[in-house]
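The figures here come from the full heavy-atom set of this structure, side chains too, leaving out hydrogens, waters and symmetry mates.
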Amino acid sequence: SALPEKKMIFKGLTVNKEDMNKLVLTPLIHYPLLGGSALITFEEAKVAQRIIEVREHMVELSCGEELEELDRCRVRVQAVPVDILLPSALEVKLTQSSRSILVSDLPSLAISKEALLDKLELFFSKTKNGGSEVESREFLDDSGQVVLTFTKDGGAWGVLSLG
């Protein structure tokens with residue numbers, strides 16, 4: 001069956017060993033709409049139900065309270081329920097990269113992100129640390145982690161073997 005495109009956000013830290021094999025997903029729903037339509041979601045189903053029951057609504061699009069009647073813009077809209085298909089199964093394929101590493105648990109330092117990236121690149125490019133030449137580095141803002149990618153295949157194995 002055809003399922004709508006869904007982006008998934010994987011979040012969280014594992015604190016307990018019992019939680020190691022658990023996965024929490026927050027779906028971002030992308031739903032195809034006809035022109036002139038909008039998909040609005042609500043945290044509480046009862047709020048959506050009340051809006052659907054009224055069916056037709058007049059929406060004020062003008063800004064400001066002291067506009068003349070001619071300057072006001074109102075639009076009549078209809079609220080209808082939408083059935084959204086959610087996947088019933090999730091397949092995840094994990095592959096271990098031989099060129100990239102994820103650096104996490106970084107301390108919060110009083111230096112810029114760029115300076116932190118420079119220091120990490122310098123450390124992991126030294127052969128005495130098991131590293132090799134770094135091709136790219138990316139700071140993941142949402143998690144505070146860094147992805148380093150080495151120029152050669154297998155570059156990550158030397159760093160990981162030190163652990």
_To the closest 0.5 Å, what do you measure between CD (Gln49) and CD1 (Ile51)?_
10.5 Å

*Might you confirm whether atom CD of Glu135 has over 12 heavy atoms from other residues, nucleotides or ligands at distances under 6.0 Å?*
yes

*In terms of hydrophobic clustering (I, L, V, M, F, W, Y; side-chain heavy atoms under 4.5 Å; direct or indirect links), are Leu106 and Leu117 co-clustered?*
yes

*Would you give the length of the straight line joining atom CD of Glu133 to atom CD of Glu121, rounded to the nearest 0.5 angstrom?*
8.5 Å

*Find the distance between CD (Glu138) and OG1 (Thr149) and round it off to the nearest 0.5 Å.*
8.0 Å

*asked:* As an exercise, state the distance from CD of Glu56 to CD of Gln78, rounded to the nearest 0.5 Å.
replied: 5.0 Å

_Cluster link Phe150 to Val147, ILVMFWY, side chain under 4.5 Å_ = no

_Inter-residue atom distance Leu148.CG - Arg137.CZ, 0.5 Å rounding_ = 8.5 Å

*Arg99 side, atom CZ; Ser136 side, atom OG - distance, nearest 0.5 Å*: 7.5 Å

*ILVMFWY cluster, Val134 and Phe123 together (side-chain gap under 4.5 Å)*: yes

_If hydrophobic clusters are built from ILVMFWY residues whose side chains come within less than 4.5 Å, do Val47 and Ile40 share one?_
yes

*Return yes if some donor-acceptor pair links the side-chain N/O of His57 with the main-chain N/O of Ala79 below 3.5 Å, else return no.*
no

*Evaluate the side-chain proximity of Met58 to Val77: yes if any heavy-atom separation is below 4.5 Å, no if none is.*
no

*Are Leu140 and Leu102 close enough that some pair of their side-chain heavy atoms sits under 4.5 Å apart?*
yes

*For the hydrophobic clusters of this structure (ILVMFWY residues joined by side-chain heavy atoms under 4.5 Å, transitively), does one cluster hold both Phe139 and Leu122?*
no

